[in-house]
Amino acid sequence: MRHLVHVPLNRQQLELLDRTVARGAAPDRAALLRLALKALGPAPAAPKEPGR
């Protein structure tokens, strides 16, 4: 299952993404962002609220 995520990027960040894609790191911006998110690993679990 895929989820849509909106990632606001400025012009410089988009240019960096495009240069990285042009070098062949990924086929497109979305694939490059997916690779970056996978490299970060899973998000830490949210702390449990007392009494729940």
Side-chain angles (χ1 to χ4, degrees):
M1 174 192 296
R2 288 205 174 170
H3 300 280
L4 294 178
V5 177
H6 178 81
V7 180
L9 301 172
N10 63 35
R11 180 183 293 192
Q12 182 182 17
Q13 292 166 323
L14 290 172
E15 289 171 359
L16 288 169
L17 281 176
D18 290 340
R19 279 188 268 166
T20 304
V21 167
R23 289 193 340 237
D28 54 39
R29 290 175 179 172
L32 185 58
L33 289 172
R34 281 193 295 275
L35 283 173
L37 291 172
K38 283 182 185 179
L40 290 175
K48 294 183 179 178
E49 293 182 30
R52 287 193 172 194

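All values reported here derive from a predicted model rather than from experimental measurement. Along the sequence shown, the residues carry numbers beginning at 1. Values below: every heavy atom of this structure, side chains too, minus hydrogens, waters and symmetry copies.
- Among all heavy-atom pairs drawn from V21 and P27, the shortest one is CG1-O, 3.8 Å.
- Residues V7 and L37 do not share a hydrophobic cluster, defined by chaining ILVMFWY side chains whose heavy atoms lie under 4.5 Å apart.
- The cluster map of Ile, Leu, Val, Met, Phe, Trp and Tyr, joined by side-chain heavy atoms under 4.5 Å apart, puts V5 and L40 in different clusters.
- For the atom pair R34 CZ and D28 CG, the distance stands at 6.5 Å (nearest 0.5 Å).
- Here OG1 of T20 is found 11.0 Å from CG of L35. Values are rounded to the nearest 0.5 Å.
- Within the 4.5 Å cutoff, the side chain of L9 has no heavy atoms near those of the L16 side chain.
- Under the side-chain contact (heavy atoms from CB on, under 4.5 Å) criterion, A36 pairs with no residue, sequence neighbours left out.
- With sequence neighbours left out, the side chain to side chain donor-acceptor pair (under 3.5 Å) criterion links R29 to D18.
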